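The structure appears right after this line, and notes come after that.
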There are 2 protein chains.
Amino acid sequence: MAEPDFILRENCPQRRIHYILNGKWTSMVLSVLSYGPMRTGQLERALPGISKKMLTQTLREVENGGLVHREVFHVVPPKVEYSLTPLGIRFVEPLSALYDWAKDNAAALDELEDNLRRSAEAASKQGE
Amino acid sequence: MAEPDFILRENCPQRRIHYILNGKWTSMVLSVLSYGPMRTGQLERALPGISKKMLTQTLREVENGGLVHREVFHVVPPKVEYSLTPLGIRFVEPLSALYDWAKDNAAALDELEDNLRRSAEAASKQGE
DNA sequence: TCCAAAAGTTACCAAATGGTAACTACATTA
DNA sequence: TAATGTAGTTACCATTTGGTAACTTTTGGA
């Protein structure tokens, strides 16, 4: 008989998908691109706080993974457009579901963050 | 009029949920607990490769967030049982969806990993 | 008397991660 | 002649992250 579902071995689907989505910006870059092709500057403005370095680094990763297509227009000043590939579109599916959940469950997120805040305060009082 | 959906500001639902699930083991610990209450040792065996340190650290975090309940039985040798709280059960919902997707789309994961492997090889040939 | 079992803590360390700021390229425009 | 706009790179650094291994505690059993 098979081993129970709750054993999460190296290389199980669960670990594999985390391996892909573990960059700080990866999933959000994909999510933004799900709204349509975008230029670098648009992406940058869609993710306030991202640095140029992280943006290009993340874009290179998803490009290497075959999730995103990079199209260079040879003009001056430069123009580069990014868009999801068919594979990228498939990966955005579970992300959108996750984000939809987050939008619909803001109260749960609030509750969790309140809990964390309270426990952090309690811990710092200990240290006095 | 509202700004476009694809602007992902600090504190938007998308960023908030990543903030919670960003520990290496957090989401998998929650996922394992969705199968029912478990003792420390069971959790440890359900996540091959996790260290004692990371297991307790992760458990404390989800406990502080109010996602997991920790019940100590005062016996020797010690017995401690972890289980999802109602809030925890809500958070497991999108995780399960994500993991179901991953199970159903192993081919897409393969394709992505192949792409990454190939691009890594190409990059290392460059360096020779 | 000494070890086992279960859960947990601690000190220490190496690697990964991501941020800042300065720099490049180049045609157009003022 | 000098500045502008767009995409990108690079060196450098601080922080975070997570792993290892040794240690603790308590009681029952060999």
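Naming: A, B, ... by sequence-line order, numbering from 1 per chain. Note that the structure is a prediction, hence the values are computed from the model and not measured.
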Are Ile20(A) and Ile89(A) in one and the same hydrophobic cluster, where Ile, Leu, Val, Met, Phe, Trp and Tyr link if side-chain heavy atoms are under 4.5 Å apart? yes
I need the CE-P distance between Met38(B) and dA6(C), as an integer number of Å. 17 Å
Could you tell me, to 10°, how much the axis swings from one end of the helix from dT1(C)-dA30(D) to dA30(C)-dT1(D) to the other, five pairs per end? 30°
Backbone of Lys52(B) reached by a side-chain donor or acceptor of Thr56(B) within 3.5 Å: yes
Quick one: list whatever passes side-chain hydrogen bond (donor to acceptor under 3.5 Å, both in side chains) with Glu93(B), sequence neighbours left out. Trp101(A)
What orientation do Tyr99(A) and His18(B) show, parallel under 30°, tilted 30 to 60°, or perpendicular over 60°? perpendicular
Is any side-chain N or O of Lys24(B) closer than 4.0 Å to OP1 or OP2 of dG19(D)? yes
Under the side-chain hydrogen bond (donor to acceptor under 3.5 Å, both in side chains) rule, collect the residues that match up with Asp110(A), sequence neighbours excluded. Arg16(B)
In whole Å, what is the span from the CD atom of Glu10(B) to the C1' atom of dG19(C)? 14 Å
Check whether any side-chain heavy atom of Leu43(A) sits under 4.5 Å from a side-chain heavy atom of Leu33(A), and report yes or no. yes
Rounded interatomic separation in angstrom, taking CZ from Arg45(B) and C1' from dA7(C): 12 Å
How many Å lie between NE2 on His18(B) and P on dT17(C), as a whole number? 16 Å
To the nearest 0.5 Å, how far apart are CZ in Phe91(A) and CG in Leu112(B)? 4.5 Å
Hydrophobic side-chain clustering at under 4.5 Å (ILVMFWY, transitive links): who's grouped with Val75(B)? Put none if nobody. Phe73(B)
Do nucleotides 5-13 of chain D as a string where each nucleotide becomes B, S or -: B if the base has a protein heavy atom under 4.0 Å, S if just the sugar-phosphate does, - if no protein is that close. BBBBBBB--
Residues that Asn64(A) engages under side-chain hydrogen bond (donor to acceptor under 3.5 Å, both in side chains), provided they are two or more places apart: none
Whole angstrom is fine here: how far is it from CD in Glu61(A) over to P in dA16(C)? 13 Å
Over how many whole Å does the gap from Arg15(B) atom CZ to dG18(C) atom P extend? 13 Å
Output the rounded distance in Å from CG (Leu55(A)) to P (dT20(C)). 14 Å
Whole angstrom value for the distance that separates P of dA7(C) from CZ of Phe73(B): 11 Å
